[in-house]
Engineer: 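Structure in structure tokens, see below.
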Amino acid sequence: MGHDPLPAGVDPCDLPHHGHKALRLEEARAQMIAAITPVTGEESVDLRGALGRVLTRDVHSTVDVPSHRNSAMDGYALAGADLPAAGSAAFEVVGTSWAGRPFAGTVGHGQCVRIMTGATVPDSTDTVVMQEHVRVEQGRAVIESGHRTGQNVRPVGEDIRRGELALAAGCVLQPAHLGLLASVGVGVVTVRRRPRVAIFSTGDELRPIGTELGPGQIYDSNRYSLAGMLARLQAEVLDLGVVPDTREETLRAFETAAAQADAIITSGGVSVGEADYVTETLQRHGEFGFWKVAMKPGKPVAFGRFGSAYFFGLPGNPVSVMVTFYQLVQPALRALAGAADTEPPILVRATCETRLRKRPGRLEFQRGVLARRADGGYTVRSTGHQGAGVLRSMSEANCFIILPLEHGDVEPGTEVEVQPFAGLV
Ligand code: AMP
Ligand code: MG
């Protein structure tokens, strides 16, 4: 590893020890995930506080769900053997089975019980006829032919059986998982410690909100979008503020961050400008992984280690920060959090309504608005100006339009691949 600063304008990727070419995104993502060991340490949390946390142990059910044979409908429970093969049959109604208050008596031949959804199906019955299919005449339930023995009865353990795996270690708890755990009577779960992530912005031009901007200055927006994306991942964020463009202050910020955090995410200072000290600091004092990915926006992205912390050096432009976070950092942080599934979200195909300018050579993430057509297909249009500094292109978008590395311009009417920002989870 070289210890002299690079002359201005020299691309570190052109130096032999860094390899010559920008990595493909999938390759960069795979390298990062392979390099990451999940944080250790676990804690017990109440279900209510467990959303987004990662299970450290398999959860097996100690009960059957449901625990009792019960009705899927409001209706009448009877023995299937009593159903009429043709015409109709009248049944004497001998009582009611309510949800939580089972019918205590016995049901004989030619008899039935009024039953509510979720109520225990009485012992000598095995079939429920929904109330809409029953005529009640003088206290008797008249049922036509055409029903099937066993219908509308939910068996014991239909959802989960006692001893069965309910959720596996590595599961990132979503609302359905919380409900499932509650259904098997689990109120406290063991989850992995949250990853601690230190963030700082680099740049002499950056000012905090609430101060006047001087000439050439801008507000630091990256820490806010980063903190938002990290909150969604349930990471614990250590905000180290803005770090000026000096070698000394950059190194000090790295050291402060590495002393406290499992991962460090910075923005800015990863190009080869004269005031870009982030990559240099990593190269000199840390372990350098890669720093160039064939994607747009976001070509300069540094990955490595500093002390015991993983390091992600994102570019400064606000759109680049978000694109590189979603495409690279997010899967890596999921791996760090111990999530079993680090696959990127699903893609859909849509007809592009606008012309998109693109040069071959990089995988591009343009920002778009995805809409559903009346015929059930999807269309997507560009949010307009796609500059890496134009954050409105992100804030007005609901998806990335993903244009493959080798592709050129896209003409209206062409099918493109789209990654929606939001899913149901
Ligand atoms: P850099 O990667 O440091 O060369 O920065 C690239 C561009 O992003 C420059 O126009 C910076 O002013 C801008 N930039 C860098 N950091 C931030 C930030 N935290 N918030 C908003 N813009 C930024
Ligand atoms: Mg800068």
Side-chain angles (χ1 to χ4, degrees), residues 5-13 18 22 28 197-231 237-254 256-257 263-283 288 290-304 311-329 362 364-365 367 385-397:
L6 297 172
V10 172
D11 182 342
C13 277
H18 295 144
V197 181
I199 58 175
F200 62 87
S201 300
T202 70
D204 286 336
E205 74 280 29
L206 303 177
R207 300 289 298 150
I209 306 165
T211 56
E212 286 280 307
L213 292 183
Q217 296 183 329
I218 56 170
Y219 291 119
D220 170 14
S221 58
N222 288 341
R223 271 184 305 133
Y224 292 85
S225 49
L226 271 176
M229 293 185 289
L230 287 166
V237 179
L238 298 167
D239 187 344
L240 301 182
V242 175
V243 173
D245 289 322
T246 69
R247 192 166 280 134
E248 298 70 32
E249 303 235 33
T250 305
L251 177 58
R252 186 150 3 115
F254 265 84
T256 307
I264 307 167
I265 304 176
T266 64
S267 68
V270 284
S271 319
V272 281
E274 284 177 40
D276 291 330
Y277 294 110
V278 170
T279 321
E280 185 198 289
T281 304
L282 186 68
Q283 284 167 351
F288 185 88
F290 59 79
W291 89 303
K292 226 173 166 187
V293 181
M295 65 189 287
K296 184 183 176 183
K299 186 175 182 182
V301 186
F303 173 68
F311 176 79
F312 304 91
L314 309 186
N317 276 307
V319 178
S320 310
V321 166
M322 297 197 73
V323 171
T324 52
F325 184 94
Y326 282 129
Q327 301 304 327
L328 283 165
V329 183
R362 288 203 266 165
E364 265 193 51
F365 292 86
R367 280 76 65 200
H385 185 32
Q386 296 287 308
V390 181
L391 203 44
R392 266 177 57 146
S393 70
M394 268 307 284
S395 70
E396 290 173 3

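Counting starts at 1 for both ligands and their atoms, following the listed order.
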Engineer: Looking at every heavy atom in both A388 and N317, which two are closest together, and how far apart are they?
Structural biologist: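 In this case the closest contact between A388 and N317 is O-CB, 3.3 Å.
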Engineer: For the backbone of N222 and the side chain of S267, can you confirm whether one donor and one acceptor N or O come within less than 3.5 Å of each other?
Structural biologist: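 No, the answer is negative, given that no donor and acceptor are paired below the 3.5 Å cut-off.
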Engineer: Tell me whether P318 reaches ligand 1 (any heavy atom closer than 4.0 angstrom to a ligand atom).
Structural biologist: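 Distance cut 4.0 Å: P318 passes for ligand 1.
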Engineer: Using ring-ring contact (aromatic ring centres under 6.0 Å, His included), reason through F303 and F312 one step at a time and then give a plain yes or no.
Structural biologist: CA-CA 5 Å; F303 173 68; F312 304 91; 5.4 Å; yes
Engineer: Mark up the atoms of ligand 1 that fall under 4.0 Å of a heavy atom belonging to I218, in ascending order.
Structural biologist: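 The atoms of ligand 1 under 4.0 Å from a heavy atom of I218 are 12 (O), 21 (C), 22 (N), 23 (C).
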Engineer: Which class fits the ring pair F254 and F200: parallel under 30°, tilted 30 to 60°, perpendicular over 60°?
Structural biologist: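 Plane angle over 60°, so perpendicular.
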Engineer: Please write down residue, atom name and distance for the protein heavy atom closest to atom 18 (C) of ligand 1.
Structural biologist: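 Looking at atom 18 (C) of ligand 1, the protein heavy atom closest to it is N222 ND2, 3.1 Å.
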Engineer: Report yes or no: does G269 have a heavy atom closer than 4.0 Å to ligand 1?
Structural biologist: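 It does, in that a heavy atom of G269 comes within the 4.0 Å cut-off of ligand 1.
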Engineer: Would you call V270 and L314 a side-chain contact if the rule is heavy atoms closer than 4.5 Å?
Structural biologist: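 Result no, sub-4.5 Å side-chain heavy-atom pair not found.
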Engineer: Consider side chain to side chain contact (heavy atoms under 4.5 Å, CB included). Of M322, E364, Q386, R367, which one does P297 pass it with?
Structural biologist: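 Only one option passes, and that is R367.
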Engineer: I want to know if ligand 1 touches G316 in the polar sense, i.e. an N/O pair below 3.5 angstrom.
Structural biologist: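 Indeed, backbone or side chain, G316 has an N or O that close.
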Engineer: Just jot down the ligand 1 atoms closer than 4.0 angstrom to any heavy atom of S201, in number order.
Structural biologist: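 Those qualifying, in numeric order: 19 (N).
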Engineer: Evaluate R223 for polar contact with ligand 1, using N/O atom pairs at a separation under 3.5 Å.
Structural biologist: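 The answer is no, given that R223 and ligand 1 share no N or O pair closer than 3.5 Å.
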Engineer: Could you check whether any side-chain heavy atom of L206 comes within less than 4.5 Å of a side-chain heavy atom of Q217, counting everything from C-beta outward?
Structural biologist: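 The answer is no, as the side chains (C-beta and beyond) never meet within the 4.5 Å cut-off.
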Engineer: Which of the atoms in ligand 1, numbered in the order shown and given with their element, are less than 4.0 Å from a heavy-atom of Y219?
Structural biologist: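 With Y219 as reference, the close atoms of ligand 1 come out as 20 (N), 21 (C).
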Engineer: Who's the nearest protein heavy-atom neighbour of atom 7 (C) of ligand 1, and how far?
Structural biologist: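 For this ligand atom, the closest protein heavy atom is N317 OD1, 3.4 Å.
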Engineer: So, are D220 and R207 salt-bridged, with charged N and O less than 4.0 Å apart?
Structural biologist: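 No, this pair does not count.
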Engineer: I'd like to check which ligand 1 atoms, numbered from 1 as shown, lie under 4.0 Å from a non-hydrogen atom of L206.
Structural biologist: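 Near L206, meaning under 4.0 Å from one of its heavy atoms, ligand 1 has 16 (N), 17 (C), 18 (C), 19 (N), 20 (N), 23 (C).
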Engineer: Among all the protein's non-hydrogen atoms, which is closest to atom 11 (C) of ligand 1, and how far away is it?
Structural biologist: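 Going atom by atom, the protein heavy atom closest to atom 11 (C) of ligand 1 ends up being E205 OE2, 3.0 Å.
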Engineer: Quick one: look at V242 and ligand 1, take heavy-atom pairs under 4.0 Å, and tell me if it's side chain, backbone, both or neither.
Structural biologist: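 Neither; nothing of V242 gets under 4.0 Å from ligand 1.
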Engineer: Of the protein's non-hydrogen atoms, which lies at the shortest distance from atom 19 (N) of ligand 1, and what is that distance?
Structural biologist: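 For atom 19 (N) of ligand 1, the nearest protein heavy atom is D220 OD1, 2.6 Å.
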Engineer: Please find the pair of heavy atoms, one from G203 and one from V242, that lie closest to each other, and give the distance.
Structural biologist: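 Reported closest heavy-atom pair: O-CG1, 3.8 Å.
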Engineer: Under a heavy-atom criterion of less than 4.0 Å, does S221 contact ligand 1?
Structural biologist: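 The answer is yes: ligand 1 sits under 4.0 Å from a heavy atom of S221.
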Engineer: What is the closest protein heavy atom to atom 4 (O) of ligand 1, and at what distance does it sit?
Structural biologist: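 Answer for atom 4 (O) of ligand 1: S271 OG, 4.1 Å.
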Engineer: Please report the closest heavy-atom contact between V319 and S393, naming both atoms and the distance.
Structural biologist: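 Nearest pair, atom of V319 first, then S393: CG2-OG, 3.8 Å.
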